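In what follows, chains are A, B, ... by sequence order, proteins preceding strands, each numbered from 1. Since this is a predicted model, take the numbers as computed values, not measurements.
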There are 2 protein chains.
Amino acid sequence: MKDPQTVFVEYLSAKRRKMTAQRQLILDVFLAETGHPAPEELYAKVKKLDKSIGQATVYRTLKLFSESGLAKEVHFGDGLTRYEPKFGHTHHDHLICERCGLNIEVVDERIELLQDELAAHHSFTLTGHRMYLYGICQSCRLV
Amino acid sequence: MKDPQTVFVEYLSAKRRKMTAQRQLILDVFLAETGHPAPEELYAKVKKLDKSIGQATVYRTLKLFSESGLAKEVHFGDGLTRYEPKFGHTHHDHLICERCGLNIEVVDERIELLQDELAAHHSFTLTGHRMYLYGICQSCRLV
DNA sequence: TTCTGTGCAAATGATTTGCAGCCAG
DNA sequence: CTGGCTGCAAATCATTTGCACAGAA
């Protein structure tokens with residue numbers, strides 16, 4: 001599998017868009033992320049490395065990541081659009097604690113299979129899915 | 001099971017909030033909905049019946065529906081908060097066509113069971129979940 | 001009477017866009 | 001060179017809030 005750097009550069013050149021220092025910087029910061037960062041968070045981190053960067057550039061670049069397949073937009077329920085790194089990460093769903101915000105990435109192959117089956121039953125060709133399980137985690141329950 | 005009218009009135013009185021003509025009107029319109037209306041859509045319909053109503057009232061009232069358990073907030077991916085009527089409708093998930101927006105309500109008991117199991121495995125007490133399956137519906141595929 | 005509710009308009013917060021200059025290809 | 005990119009600020013869009021008045025309990 002190609003590394004994200006290559007994927008992005010190839011995506012850009014295929015679309016006759018350009019690689020720039022800003023995009024490179026945002027990409028580096030994004031690839032170092034472990035969670036599901038929102039544009040503001042990334043903007044804050046990127047700004048520490050390059051004071052002159054504008055937040056519109058961060059928004060625009062994240063959208064490029066999404067188009068190029070490096071990231072996926074997710075919505076956890078606060079009003080923010082978060083970007084989930086897709087590279088290296090295999091598909092997963094989310095188990096979210098409603099009290100403390102703890103977010104565990106989960107996958108259950110049996111569920112995945114049933115989802116395909118369910119879609120097929122309605123004559124849909126599945127392109128993707130999102131599943132969010134909400135609850136209270138163990139430590140919050142004990143408080 | 002109590003009818004939604006009663007549920008709402010009881011919720012209000014329990015919280016020492018008041019039933020008003022505006023809330024009643026918005027409730028009537030909302031109960032007549034079949035889909036997953038966004039505030040703007042409801043505002044438009046309500047406005048036809050009462051020109052003087054303000055959109056802030058619609059937003060505030062929808063939030064009350066959500067608190068009282070009559071509705072559930074859902075996010076389909078456009079930037080809108082939609083309200084899904086909960087009364088009469090049993091729980092369901094969504095199968096959404098990415099081309100035409102067709103939205104089929106689906107439920108698969110086996111998936112529901114596996115979700116509980118998955119949560120339990122991570123020591124979570126589930127309070128709810130949302131599952132969105134995205135794909136292309138049959139008619140769009142044939143075009 | 002006493003709060004809560006309402007319409008209106010202004011405020012907010014996230015995201016987008018217009019524009020003049022900058023820079024990668 | 002030249003069209004895509006950038007920072008900035010202004011513009012949008014959905015949603016929220018402040019306020020003075022209206023109306024339910």
Looking at DNA chain C, which of residues 12-24 of chain B put a heavy atom within less than 4.0 Å of it?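 DNA chain C contact set from residues 12-24 of chain B: B/Arg16, B/Arg17, B/Lys18, B/Thr20, B/Gln22, B/Arg23.
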
Are B/His92 and B/Glu84 linked by a side-chain donor-acceptor pair shorter than 3.5 Å?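 On atom types as modelled, these side chains qualify, holding a pair under 3.5 Å.
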
Is it true that B/His91 and B/Glu112 share a donor-acceptor pair across their side chains at a distance under 3.5 Å?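 The criterion, which ignores hydrogens and geometry beyond distance, is satisfied for B/His91 and B/Glu112.
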
Between [X] and [Y], does the ring centroid distance fall short of 6.0 Å?
| X | Y | answer |
| --- | --- | --- |
| A/Tyr134 | B/His129 | no |
| B/Tyr83 | B/His36 | no |
| A/Phe30 | A/Phe65 | yes |

Below 4.0 angstrom from OP1 or OP2 of C/dT6, is there any side-chain N or O of B/Ser52?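 Negative; the distance criterion is not met.
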
Can you pull out every salt bridge (charged side-chain N to carboxylate O under 4.0 Å, His left out) where at least one residue sits in residues 43-65 of chain B? Sequence neighbours excluded, please. B/Glu33-B/Lys45

Expressed as a whole number of angstroms, how long is the span from [X]:[atom1] to [N]:[atom2]?
| X | N | atom1 | atom2 | value |
| --- | --- | --- | --- | --- |
| A/Leu64 | C/dT16 | CG | P | 12 Å |
| A/Arg60 | D/dA9 | CZ | C1' | 12 Å |
| A/Leu80 | D/dC13 | CG | P | 20 Å |
| A/Gln55 | D/dT12 | CD | P | 18 Å |
| B/His75 | C/dA14 | NE2 | C1' | 14 Å |
| B/Leu42 | D/dT15 | CG | P | 11 Å |
| B/Glu40 | D/dT16 | CD | P | 12 Å |
| B/Tyr59 | C/dA9 | OH | P | 16 Å |

Closest-nucleotide ordering on DNA chain D, the 5'-leading residue of B/Arg82 and A/Ala56: A/Ala56

